[in-house]
Amino acid sequence: MSWITARRRHPAAGYVVIASVLVIIGTAYAVITSGAASASPQATPNSAQIADGRNLFVEECATCHGLYAQGTADAPSLIGVGAAAVNFQVTTGRMPAAELGAENDRKPPRLNATQTAAIAAYIQSLGGGPTVPSAAQVSTSGADVGLGQQLFVADCAACHNFVGAGGALTYGKYAPPLTASTPTQIYEAMLTGPEAMPVFNDLTITPQEKRDIIAYVTQVRSEPNPGGFSLGRVGPVTEGLVAFLGLLLFMVLAALWITAKHGKAHE
Amino acid sequence: MSVERALEGTGNWLDDRLHGARGVRVLLRKIFPDHWSFLLGEIILYSFIILLLTGTFLTLWFQPSMTQVVYHGSYVPLRGVRMSEAYASTLRISFDVRGGLLMRQIHHWAADLFMAAIMAHMLRVFFTGAYRKPREINWLIGIVLFTLGMFEGLFGYSLPDDLLSGAGLRITEGILQSFPLVGTYLAYFLFGGPFPGTQIIGRLYIIHVLIIPGLILALVTVHLFLMFHQKHTQMPGKGRTNENVVGAPMYPYFMAKTGAFFFFTFAALTLAATFVQINPVWLYGPYNPVAMSAGSQPDFYMGMLEGALRVMPNWQWVVFGHTFAFNVFLPALVPLGIIFTGAALWPFLEQWITGDRREHHLNDRPRNAPTRTAVGLAAITFYGILWAEGANDIIADHLDIPLYWITWGARVGIFVGPVIAYIITKRICMGLQRKDNHLVEHGVETGIIRQLPGGEFIEETRPVDPERLAVLLSRAEHPALPSAEATETDVPPPGMRGGLGRMRERLYHVVTESAPMPQIHGNGHGNGHGNGHGDGQLAETDGQGGHGEQAASTAGGTASAAEPQRDEDSH
């Protein structure tokens with residue numbers, strides 16, 4: 001202790017104390033917060049991966065997002081959006097975008113998993129943000145599908161329709177169908193709010209509730225249609241079309257047939 | 001033998017007491033004219049019968065109660081979810097009652113077909129002028145039936161208490177509340193408290209299964225009785241006049257056909273219910289006042305009202321702390337009000353304008369009443385645009401059209417569209433009339449060009465066959481209206497005086513506007529040449545042939561049959 005006692009009045013002592021406390025708290029914070037995501041490979045990036053990501057970013061993304069992801073008039077800044085946003089946009093094929101439009105369509109991804117992880121690590125290194133959820137976070141085992149249905153109609157169906165078949169938004173935007181979304185993508189979408197979608201953070205919808213919603217979305221897709229052909233599950237509009245173009249037309253043809261037969265016989 | 005004797009004995013026994021034989025004989029020999037469009041009404045009747053049967057089946061299991069229960073039935077995804085008994089019993093009908101889902105789907109498809117056939121039937125009656133004297137009452141009953149059908153449907157699909165139907169009830173509540181001054185009371189009375197309350201399903205249930213079906217049944221009976229009593233109208237044709245009915249007797253022809261048509265209806269509905277899913281309430285989930293789904297549309301017969309709400313700008317006044325919600329009130333009442341009030345008044349308006357008080361048992365061909373047809377198409381356009389607007393989000397999503405483009409298109413379209421439809425339809429009708437005139441005056445083109453010995457070319461035509469000619473000549477001129485202008489010796493009769501009389505005269509010219517009547521034989525040729533199209537050969541043919549031009553080029557012996565009728569008409 002005499003070593004500390006002797007130097008505690010040293011001019012640099014204050015800085016050293018503050019620096020060490022910051023390091024300790026920072027390290028502890030990093031260890032604690034990354035604990036949940038530790039299973040994910042993206043959560044422990046190394047500098048080589050970040051460098052790869054940086055190179056890929058300059059190739060694929062910088063035209064619109066700026067050389068340092070600072071954003072341009074065409075596209076937003078990516079500082080602080082986190083690896084989850086990158087993973088969502090790139091794995092759904094929305095980024096790199098094909099064109100500047102009201103909304104980017106889902107399409108086959110252009111970059112592979114390694115490349116995606118590299119860019120995600122680079123963006124994560126710029127300003128943090130939500131990380132890619134672990135397999136455990138998006139697991140639907142033991143999730144409550146019934147609760148998920150309730151949450152989905154309360155929070156999601158207004159745009160995505162009651163089974164996630166999608167719907168229209170204003171000015172050419174739309175809520176896409178959720179028929180091809182992976183559990184990870186659904187989780188990331190809630191966490192990062194891509195396109196016109198609001199962010200549903202862990203306070204609005206808890207991680208457990210997110211798993212319930214994912215369970216509902218993925219389960220309802222495979223739910224059979226006991227009544228027959230589903231008509232797209234978009235509500236009564238297609239039913240009305242069938243009523244006119246199917247039922248009424250059939251009956252009119254039947255009427256034509258019945259009266260035509262008689263007309264010939266009667267003459 | 002013994003069976004016949006037994007039947008005869010029973011029949012005599014009954015007839016001695018009921019004296020029904022004569023009535024039955026009249027019934028069996030009743031003549032029904034034949035046309036495919038006359039069967040549209042039967043689709044309505046048969047769907048209604050199927051609705052009554054399947055509906056009765058559904059009442060055996062449906063619980064019209066809003067008591068909250070926790071679901072433990074066989075539809076796994078909703079297990080453990082709190083819901084009303086009404087919704088739970090609908091799930092039970094769908095998944096646990098044998099044949100329940102099929103019955104539910106037949107019932108719903110039958111409701112859709114019922115309403116679709118009502119629309120088609122009413123359009124047929126309108127466009128053929130079958131609503132004219134003496135059938136105005138039946139036309140009005142039809143409009144009431146259409147309205148009742150709309151409410152019956154709305155209340156019916158509200159009963160399962162699922163997310164979609166709850167959204168419909170929320171709009172119903174909003175429309176009631178939008179009535180100035182009394183709105184909140186109306187909503188409060190219907191729902192028995194604040195929305196959604198605990199009463200509404202039970203109340204809608206009794207309206208849906210007893211009150212409205214009873215009214216529909218009573219009115220359908222009157223409707224059919226009047227049709228029977230006044231005799232069915234017939235389409236123009238050879239030998240068909242305003243004084244006769246040409247067709248097949250009830251027994252055995254009509255009975256066999258109409259019986260077969262019932263089975264067609266039943267088959268169509270059962271096939272649809274078997275292969276096409278309708279109103280999957282289990283996917284919507286139980287109603288939750290805070291939830292809403294994209295693509296929340298009503299069934300198609302309410303779609304026009306939905307579109308009216310969506311097309312309306314957000315106008316609202318607050319006067320002395322009281323809200324006048326024009327953004328809901330006007331779209332809820334005005335567009336459908338225009339359609340229904342207009343439809344109800346039209347027969348009387350037309351009668352007043354044309355001064356035509358005669359009975360009409362022979363239908364018009366739509367082209368032969370260009371103004372009526374044009375007004376009908378204008379109404380269809382108005383209705384159709386609002387109808388499509390009701391599905392604007394589905395159209396936007398699936399056809400990649402920005403949502404507000406559709407809304408603004410509809411905002412402009414409901415004013416401009418009907419006018420354009422009116423003008424175009426009227427021109428098309430009059431063009432078709434001219435085409436008919438041409439056929440009557442010049443016959444059917446044979447495609448044969450003949451060179452005369454003098455070197456001249458003529459085109460040969462053959463006369464229209466008498467069956468078709470009778471149809472072509474079915475157009476009758478409207479009786480003239482007395483002039484609204486006073487002369488030195490005459491004053492206009494009552495009803496033609498003053499500004500109203502002059503307006504009536506102007507409307508008369510609009511409503512009776514048609515192509516000139518076909519000119520048969522010599523006297524018409526002057527006209528024909530006047531607006532001719534430079535085909536000298538054709539005119540020459542007419543000139544050469546003189547009175548016998550049709551006979552000269554005829555291929556068969558049908559011309560002689562046609563001649564007397566045309567002579568009759570030309571004088």
When only pairs under 4.5 Å are counted, which of [options] shares the most heavy-atom pairs with chain B?
options                                : result
A/Gly235, A/Ala158, A/Gly240           : A/Ala158
A/Val234, A/Leu169, A/Val163           : A/Val234
A/Gly172, A/Ala154, A/Pro236, A/Gly232 : A/Pro236

Toward chain A, the part of [X] with a non-hydrogen atom under 4.5 Å:
X        : value
B/Trp282 : side chain
B/Ala120 : side chain
B/Gln105 : side chain
B/Ile278 : both
B/Tyr287 : neither
B/Met119 : side chain
B/Leu101 : side chain
B/Leu40  : side chain
B/Ala117 : both

- Query: Given the side-chain rings of A/Phe162 and B/Tyr284, with only the six-membered ring counted for Trp, is the space between their centroids under 6.0 Å?
  - Reply: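 Between A/Phe162 and B/Tyr284, the centre distance is under 6.0 Å.
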- Task: May I ask you to check whether B/Trp387 and A/Phe244 place their ring centres under 6.0 Å from each other?
- Result: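 Aromatic pair counts; centres sit under 6.0 Å.
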Need one label for [X]: side chain, backbone, both or neither, based on atoms under 4.5 Å from any heavy atom in chain B.
X        : value
A/Val220 : side chain
A/Tyr216 : side chain
A/Leu231 : side chain

- Inter-chain contacts: residues 142-151 of chain A against chain B, heavy atoms under 4.5 Å: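 Hits under 4.5 Å: A/Val145, A/Gly146, A/Gln149, A/Gln150.
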- Is the B/Tyr404 ring parallel, tilted or perpendicular to the A/Tyr171 ring (thresholds 30°, 60°)?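 The arrangement is perpendicular - the two ring planes meet at more than 60°.
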- Task: Sequence neighbours left out, what pairs pass salt bridge (Lys or Arg N to Asp or Glu O under 4.0 Å) with at least one residue falling in residues 215-233 of chain A?
- Result: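 Passing the test, one end in residues 215-233 of chain A: no pairs.
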